[in-house]
Amino acid sequence: MSTARLHAVPGPTALVELYAEAPLPTRHGFLRAIVFREKGTDKEHVVAVKGDLRGAEGVPVRVHSECLTGEILGSLKCDCREQLEHALDLIGRSERGAVVYLRQEGRGIGLGNKIRAYALQARGADTYEANRALGFGGDLRRFDIAAQMLQQLGVKSIDLVTNNPRKIQELEASGIQVRRRIPSISESNPHNIGYLRTKRERKGHLLEHLDQKTSA
Ligand SMILES: [Zn+2]
């Protein structure tokens, strides 16, 4: 069977199109890797899928933005790796689910600029101040691409794993029904506590547990 019959055919306004798909045995169970490309470019995003999503309601989904420093280098400056592992573990234990992995490093500014921002942070700026000093908005990530990927996979509604209210709003504005929120697990440490507090205080992230954890 062709992938075109398994997945919805994208309309003329689609930003992404399905490029490749294969089974992927992982530490989190037997998943499928589905790669989408942004139309007219070679920019790729990937969805790790568990089970059959077509027509499914309340699918556990994490929409996760790439973080090379946290996920590959083991940086303690953020909580991306813990959140990604938690989400993969969750969908691996569920009947169905998906982790949409978006290649938008450093809140969308790219790896080199993220490291430049880290240099400013080493001199006292917070995440958002550092990005603005480099001429970028506080957060350039976009989630409409993720919404289209989920739509093309035939998902009816999702239970979104996130602490970020803006992500819920943007996915809904892009036509994805978010049935409920599943809190994303994040671990604080002495290097990322300032980053996590900034996310909570400036962007309204739902991280009520931070103060309890750090005072413990
Ligand atoms: Zn990170």
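Counting convention: from 1, in listed order, for ligands and their atoms alike. One is the number of the first residue; the rest follow in order along the sequence. It should be emphasised that the depicted structure is a prediction, and the values quoted were computed from it without experimental measurement.
- For the pair Lys77 and Tyr118, the cation-pi test (distance below 6.0 Å, angle within 45°) is passed.
- Under the rule for a side chain to side chain donor-acceptor pair (under 3.5 Å), the partners of Glu129 that lie at least two apart in sequence or sit in another chain are Arg202.
- A search for side chain to side chain donor-acceptor pair (under 3.5 Å) contacts involving Thr162 returns nothing, not counting sequence neighbours.
- A salt bridge links Arg32 to Glu21: one of the charged nitrogens lies within less than 4.0 Å of a carboxylate oxygen.
- Around the Zn ion (ligand 1), protein N, O or S atoms at a distance under 2.8 Å total 3; waters are neither shown nor counted.
- Side chain of Thr26 to main chain of Gly29: a donor-acceptor pair is present (N/O by atom type, distance under 3.5 Å, no hydrogens or angles).
- Screening residues 157-175 for salt bridge (charged side-chain N to carboxylate O under 4.0 Å, His left out), with sequence neighbours left out, gives Asp139-Arg166, Asp159-Arg179, Asp159-Arg180, Arg166-Glu170.
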